[in-house]
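No hydrogens, no waters, no symmetry mates; every other heavy atom, side chains included, goes into these values. Treat the numbers as computed from the prediction; the structure is a model and nothing was measured.
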Amino acid sequence: MANETASLPRFAAVGAGRMGRGIAIAFAYAGHRISLIDLRQRTDEAWQRLRGEAKAEIDASLSGLAQLGVIDESQIADIAARVDFVDAAAAPHALAAAELVFEGVPETMEAKRDAFEQLNRHCRDDAILTSTTSSILVTQLASLVRLPGRFLNMHWLNPAYVIPVVELSCHPATDAAVLARTKALMEEIGKLPVVCGASPGYIVPRLQALVMNEAARMIEEGAATAEEIDKATRYGLGLRFAALGVVEFIDFGGCDILHHASREMSASLDAGRYTAPAIVGKMVEEGRLGLKSGSGFYEYEGRDVAAYRRDVLSRTLGELRHAGLWRAPADRTLS
């Protein structure tokens, strides 16, 4: 088996849909070969059709990058050639060679169970298995895995080959060394792994669902138009949160500011949506207000606060320049 699998890719994406194709591009772009595996038994005609669709989408995605000047047109074929399309018959050999496997079959427990039955059978004992599910908790899936210590969820953000963040969600028995190895492999291909617990929504979907629902509610209430909301979020909310993380932003402005603003909006809009969590009130009571008090969600003791503020301003100016919104000062006094 070792000789048969030595020349096969170290990485495998199981499920040849949009997520699998995006993951395949991410690894191929970084120079790695990857197996894009379809586990379903299909007729040769059906397999060739699926293979053709997957290849066409991968080629189109890479062509889109070339049109934007990210890659050269001449690189498309070489990058695409690093993706091995594997049907059900060849799946056992490809799985046996993989050290990191991404399960991306449809979002049902039945489909996941069927997929992990095959992964359990064919993957080697030292392989790391991950599920890219966005809706099923890692704690629910761990029981399907033969070696649960080598399993975790990995949520990619679309397009998987563009967005750097990947959210790693572990269950209590996930081996710490497995998590560390997974993070290292993802960083190797230019990704930015973040770790979260077995909680619905991970980090990004949970936050963005609140923002998107509130934006839709504002339109529903007539508070603002879609165009005005999008302008405000792109160049106000989004620009600031690109320069400062959400929690860093709380500390930078002051936890007391969030506390008082939440109290006002809770009273005037909706208590269920705007009441601050208990941790915010507790931090205000303890005087842990953030940067201005020396501690908040982060600790600032011994930190050069003036240098930190300059760094935040520099980040913000960088975002403004990128958006084309920073203007040079007037060279004369206007009337």
Between Leu291 and Tyr308, is any pair of side-chain heavy atoms under 4.5 Å apart?
yes

Rounded to the nearest 0.5 Å, how far apart are CE of Met283 and CD1 of Ile250?
8.0 Å

Full working for side-chain contact (heavy atoms from CB on, under 4.5 Å) between Glu107 and Ser134
CA-CA 8 Å; Glu107 298 281 271; Ser134 60; 3.4 Å; yes

Main-chain N/O of Ile136 paired with Asn153 side-chain donor or acceptor, under 3.5 Å
yes

What's the spacing between Arg49 CZ and Asp44 CG if we round to 0.5 Å?
10.5 Å

Verify the cluster assignment for Leu100 and Trp156: are they in a single hydrophobic cluster under the rule of side-chain heavy atoms below 4.5 Å apart?
yes

Of the options Val204, Ile203, Val211, which is the one that meets Leu207 in a side-chain contact (heavy atoms from CB on, under 4.5 Å)?
Ile203

Step by step, would you call Asp251 with Lys292 a salt bridge (charged side-chain N to carboxylate O under 4.0 Å, His left out)?
CA-CA 8 Å; Asp251 271 5; Lys292 59 190 174 185; over 6 Å; no

For Tyr202, give me all partners under ring pair (Phe, Tyr, Trp, His ring centres under 6.0 Å), at least two apart in sequence or on another chain.
His155

Between the main-chain N or O of Leu289 and the side-chain N or O of Ser293, is there a donor-acceptor pair closer than 3.5 Å?
yes

Approximate separation, where rounding is to 0.5 Å, of Glu99 CD and Thr182 OG1:
10.0 Å

Enumerate, atom names and distances included, each donor-acceptor pair closer than 3.5 Å involving a side-chain atom of residues 11-38, sequence neighbours excluded.
residue: Arg21; atom: NE; partner: Ala16; partner atom: O; Å: 2.6
residue: Arg21; atom: NH1; partner: Glu57; partner atom: OE1; Å: 2.6
residue: Arg21; atom: NH2; partner: Ala16; partner atom: O; Å: 3.1
residue: His32; atom: NE2; partner: Glu188; partner atom: OE2; Å: 3.1
residue: Arg33; atom: NH1; partner: Ser7; partner atom: O; Å: 2.6
residue: Arg33; atom: NH2; partner: Asp84; partner atom: OD2; Å: 2.6
residue: Asp38; atom: OD1; partner: Arg42; partner atom: NH2; Å: 3.3
residue: Asp38; atom: OD2; partner: Arg42; partner atom: NE; Å: 2.5

Residue list, side-chain contact (heavy atoms from CB on, under 4.5 Å) with Leu239, at least two apart or on another chain:
Thr316, Glu319, Leu320

Any donor-acceptor pair under 3.5 Å from Arg315 side chain to Ala243 backbone:
yes

Keeping Gln75 on the side-chain end and Asp72 on the backbone end, is there a donor-acceptor pair under 3.5 Å?
yes

Treat each ILVMFWY residue as a node, draw an edge where side-chain heavy atoms are under 4.5 Å apart, and state whether Phe85 and Tyr161 are in one component.
yes

